[in-house]
Amino acid sequence: MAIRVYDSLTRQTRPLEPRVPGRVSIYTCGVTPYDQSHLGHARPAVVWDAIRRHLMRRGYFVTFVQNFTDIDDKLIRRAAELGRSVDDVARQFIMEYERLMDQLSVMPPDFAPRVTDNIESIVAYIQKLVEQGGAYAAEGSVYFRVRNDPEYGKLSGRRLDEMLEGVRVDVEPEKEYPGDFALWKAAQPEEPAWPSPWGAGRPGWHIECSAMSQRYLGDAFDMHGGGMDLLFPHHENERAQSRAYLGHEAVNVWIHSGLITRGGVKMSKSLKNGIAMEQLLERYAGHVLRTYLLSVHYRHPLDFEEQNLDSWQTALERIYRLWQDVQEAPAAGTLVAADWAASLVHFEERFLAAMDDDFNTAKAFAEVFDMVTATYRGINAGHAEMAKGLARRNLLAADQILRFLPDRTEFGDDRLAEVLLARRNQARKDKNFALADVLRDTLVEAGYEVLDGADGTRIRRLGQ
RNA sequence: GGCGACGUAGCCAAGUGGUAAGGCAGGGGUCUGCAAAACCCCUAUGCCCCGGUUCGAAUCCGGGCGUCGCCUCCA
């Protein structure tokens, strides 16, 4: 069955048809490293990671490029505030971003190009646009002729004339047309600058993605992604540039992830309602945050509410309990005929079908929860060996894509807790329940969950 | 003002024509020394409202109401 994806340009869901059979090339807009990363930066990264993993699971060879825009107005301003160089500030936040992504089990991109390492390509790209008449130099800057593209506005669903009604007043006077945007910005004092045919300066905001996607993926690639807020102007402009440069469409499918809101309002710096990942990761494990972001369909807005995150964590606990119970289970032997057994046997098909359907991770998780229930049903029905064997296989299959299992799955690695547990077991054997309860309370207070079962007692450190 | 999205149980959330997934919270049971865990049963005759199309609509069409996003830097 083909993978179906929603394309922002055509506003339709259609089968994914890679340009080169068996291979999928992807470019996504990364971050401008001028400050700490917040949840809004994590969402697209996690979503794309799940998409990549699913494509790989389906047998595609995936090439994934995600850039860093390490020269830009915000970055220049920030560096000035901090009294440090732009490069220095950018490097710091890039490192922090990469560390956070690692905590969220996000695979590093195959290429993570930085704008400042690609200036020559960008200049060459602009030069060709100028030669073709798609762009013009003025006062040391270069602007893109937006009106040359009859399709300008199609991606973001707007019309040029309508858009300019509300355009801000301080339009650069050297522009031929107010809607034109800068490809190259003439150098300002105290700002980093590179040489170019139009004088010293630096790239405008949108050109880097056209130039770098072309450099790393070629004249055409399969998927282009980013947050919904990049649709306009960033992706609209990017599309116009690439079409002018190439004479054809560069992108096959445009994919945009929904924004994160708080109290229904978008997270943004100006409203000071962003949540730093750093801070969140102090209180929640990486896989809890990662999967919380995947618990909602990627195109829908996600209203961040700490209580909902807590509910999600509670839900995950049930999966972890099962995992600890089955991770060492041998492969299932004979199969019995029962509803729960069929459900365990066919789990992966259903799980992958959910992912095939526009990467419906919310539905995929529902399949996982169903599978957990079916497993316990089997265990309670007296078929523990078969149920556990299948559950182990199924959890590993789902985890390949969703990455919900904790990194450290051992429990009881705490010697003291083991001693307390042994004492409690003895107390219970002696029917000294008062002592047994005290020992249990002590373990619970120490952050353990105490699970009495038919085949002995297990303890499990919460949050793992 | 223009363009676009969304509105499903107390809360979160799938579902785009065939009779409401999943999770959290809550109630009742089974099991257990007790508790926890686990399992079973229950919890939306209804999917913002009003019309329409259809044998049949949460899903399609029209009109409202509400919330949000983009139009300016933004993942």
Side-chain angles (χ1 to χ4, degrees), chain A residues 8 11 13 28-32 34-35 37-48 66 69 72-74 77 153 156-159 161-168 170 205 225-234 236 256-261 263-270 274 292 295-297 299-303 305 307-319 321-322 325 340 350 354 357 360-373 375-381 428 431-434 436-437 440-441 443-444 449-454 457-458 460:
Chain A
S8 303
R11 286 148 220 269
T13 303
T28 64
C29 292
V31 297
T32 300
Y34 74 105
D35 204 348
S37 294
H38 62 254
L39 248 198
H41 297 116
R43 165 120 100 150
V46 165
V47 163
W48 276 105
Q66 182 178 101
T69 301
D72 137 284
D73 292 346
K74 293 188 297 289
R77 209 180 311 135
S156 55
R158 51 196 85 208
R159 296 210 333 257
D161 48 343
E162 284 173 347
M163 254 159 47
L164 290 172
E165 286 171 13
V167 92
R168 39 153 73 173
D170 51 335
W205 176 31
M228 210 77 97
D229 52 353
L230 293 180
L231 208 47
F232 188 87
H234 187 55
E236 190 69 70
H256 292 94
S257 52
L259 302 181
I260 304 227
T261 58
V265 182
K266 178 185 168 183
M267 269 190 190
S268 77
K269 282 263 184 282
S270 49
Y292 174 63
S295 70
V296 178
H297 186 91
R299 275 191 285 111
H300 291 185
L302 193 163
D303 194 44
E305 197 60 66
Q307 283 180 350
N308 298 338
L309 179 53
D310 289 336
S311 297
W312 178 254
Q313 181 164 27
T314 304
L316 286 178
E317 299 282 347
R318 191 160 145 257
I319 300 178
R321 262 178 224 116
L322 178 65
D325 210 32
W340 61 265
R350 286 204 309 271
D357 183 14
N360 194 336
T361 52
K363 195 174 181 192
F365 261 113
E367 298 293 354
V368 173
F369 287 115
D370 274 342
M371 192 273 292
V372 171
T373 299
T375 303
Y376 280 116
R377 226 179 254 207
I379 292 172
N380 287 356
R428 291 182 74 207
K431 304 237 184 268
N432 184 353
F433 296 120
D437 288 350
R440 179 174 59 200
D441 291 344
L443 281 165
V444 169
E449 184 175 57
V450 180
L451 301 161
D452 289 333
T457 300
R458 288 171 179 282
R460 162 176 178 272

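Lettering of chains follows the sequences in order, A, B, ..., and the numbering in each one begins at 1.
- Here A:N380 does not reach the OP1 or OP2 of B:C31: none of its side-chain N or O atoms lies under 4.0 Å away.
- With hydrogens and angles left out, the side chain of A:R440 and the base of B:C34 share a donor-acceptor pair within 3.5 Å.
- Using a 4.0 Å heavy-atom criterion, one finds that A:G226 contacts the sugar-phosphate atoms exclusively.
- Distance A:M228 CE to B:A75 C1': 11 Å, rounded to the nearest Å.
- Taking CZ from A:R440 and CG from A:D452, the interatomic distance works out to 7.0 Å, rounded to the nearest 0.5 Å.
- When each of B:C71, B:A37, B:A14 is scored by its nearest atom to the side-chain atoms of A:L451, the top-ranked nucleotide is B:A37.
- Atom OG1 in A:T373 sits 13.5 Å away from atom CH2 in A:W340 (nearest 0.5 Å).
- When all heavy atoms are compared, the tightest approach of A:M267 to A:G40 is SD-N, 4.3 Å.
- The side chain of A:R318 sits closest to B:A38 out of B:A38, B:C11, B:G69.
- As rounded to the nearest Å, B:A9 and B:U45 have P atoms that lie 11 Å from one another.
- By the side-chain hydrogen bond (donor to acceptor under 3.5 Å, both in side chains) test, A:D310 pairs with A:Y284, sequence neighbours left out.
- One C1' atom belongs to B:U30, the other to B:G66, and the distance between them is 46 Å to the nearest Å.
- Using a cut-off of 4.0 Å between Lys/Arg side-chain N and Asp/Glu carboxylate O, A:D35 and A:K74 are scored as not salt-bridged.
- Taking the side chain of A:A436 as heavy atoms from C-beta on, and the options B:G33, B:G15, B:C71, the nearest nucleotide is B:G33.
- Residue A:R43 is out of contact with every strand shown, counting any heavy-atom pair closer than 4.0 Å.
- Closest contact between the side chain of A:M267 and the listed nucleotides B:A14, B:A75, B:C34 involves B:A75.
- For B:G33, there is no paired base (Watson-Crick or G-U wobble, both distances below 3.5 Å).
- Out of B:C40, B:A37, B:A14, the shortest distance to the side chain of A:A362 is found at B:A14.
- Shown here for A:Y292 and A:D303, the closest heavy-atom pair between the two residues is OH-O, 3.8 Å.
- Residue side chain A:N432 does not reach the base of B:G33 through any donor-acceptor N/O pair under 3.5 Å, judged by distance alone.
- For the OP1/OP2 pair of B:A75 and a distance below 4.0 Å, the side-chain nitrogens and oxygens of A:K266 include no atom meeting the criterion.
- Comparing atom distances between the A:D452 side chain and each of B:C12, B:A37, B:A35 picks out B:A35 as nearest.
- For the pair A:K363 and A:A434, both in contact range of RNA chain B, the more 5′-proximal nearest nucleotide belongs to A:K363.
- Residue ring and base: A:F433 counts as stacked with B:G33 (centre distance below 5.5 Å, interplanar angle below 30°).
- Separation of the P atoms belonging to B:G33 and B:C48 is 49 Å when rounded to the nearest angstrom.
- When both distances must be under 3.5 Å, the Watson-Crick or G-U wobble mate of B:A25 does not exist.
- The distance from atom CD of A:E367 to atom P of B:A14 is 15 Å, rounded to the nearest whole Å.
- In this model, no side-chain donor or acceptor of A:R377 finds a partner on the base of B:A38 within 3.5 Å.
- For A:L322 and B:C39, the CG to C1' distance is 13 Å, given to the nearest whole Å.
- The interatomic distance linking A:H297 (NE2) with B:A5 (C1') rounds to 13 Å, in whole Å.
- A:R11 places its CZ atom 12 Å from the C1' atom of B:C70, with the value rounded to the nearest Å.
- Residue A:D229 is classed as a base contact, given a heavy-atom separation below 4.0 Å to a base.
- Looking at heavy-atom distances under 4.0 Å, A:G453 makes no contact with the nucleic acid at all.
- In the set B:G4, B:A21, B:A75, the nucleotide with an atom closest to the side chain of A:V31 is B:A75.
- Residues A:R350 and A:D370 are not paired through a salt bridge, judged by the lack of any N-O separation under 4.0 Å between the basic side chain and the carboxylate.
- The listed nucleotides are B:G22, B:C34, B:C24; the one nearest the side chain of A:F369 is B:G22.
- B:A58 sits 12 Å from B:A14 when the C1' atoms are compared, rounded to a whole Å.
- Spacing between B:A75 and B:C70 at atom C1', rounded to whole Å, works out to 14 Å.
- Across the protein-nucleic acid pair, A:L259 atom CG and B:U67 atom C1' stand 15 Å apart, rounded to whole Å.
- The pairing partner recorded for B:A44 is none, the criterion being a Watson-Crick or G-U wobble arrangement whose two distances lie under 3.5 angstrom.
- B:C60 is paired with B:G52 under the Watson-Crick or G-U wobble criterion, all donor-acceptor distances under 3.5 Å.
- Here the closest non-hydrogen pair linking A:S156 and A:F232 is OG-CD1, 3.4 Å.
- Across all strands shown, B:U67 pairs with B:A5; the Watson-Crick or G-U wobble distances both stay below 3.5 Å.
- Shortest non-hydrogen contact noted between A:V296 and A:P301 is CG1-O, 4.2 Å.
- Using a 4.0 Å heavy-atom distance criterion, A:D437 is classed as a base contact.
- Using a 4.0 Å heavy-atom criterion, one finds that A:H234 contacts no nucleic acid atom at all.
- As rounded to the nearest Å, B:C50 and B:G7 have C1' atoms that lie 16 Å from one another.
- For B:A14, one of the phosphate oxygens OP1 or OP2 lies less than 4.0 angstrom from a side-chain nitrogen or oxygen of A:H300.
- Picking from B:C73, B:G23, B:G33 the nucleotide with the shortest atom distance to the side chain of A:A315 gives B:G23.
- Residue contacts for A:T28: at a heavy-atom cut-off of 4.0 Å it reaches no nucleic acid atom on any strand shown.
- Here B:U19 sits opposite no nucleotide as a Watson-Crick or G-U wobble pair (both hydrogen-bonding atom distances under 3.5 Å).
- Summarising the geometry, the separation between CZ on A:R158 and C1' on B:A5 is reported as 12 Å, rounded to the nearest angstrom.
- Residue A:I260 is classed as a base contact, given a heavy-atom separation below 4.0 Å to a base.
- Where A:R321 and A:W312 meet RNA chain B, the nucleotide closest to each residue was compared, and A:W312 sits on the side nearer the 5' end.
- Here the side chain of A:V296 is nearest to one of B:A13, B:C34, B:A75, namely B:A13.
- Nucleotides B:U16 and B:A57, compared at atom C1', are 10 Å apart to the nearest Å.
- The residues A:R158 and A:E236 are annotated as not salt-bridged, no charged nitrogen and carboxylate oxygen being separated by less than 4.0 angstrom.
- Rounded to an integer number of Å, the gap from CZ of A:F365 to C1' of B:G15 is 18 Å.
- Nucleotides B:G51 and B:G56 place their P atoms 16 Å apart, quoted to the nearest Å.
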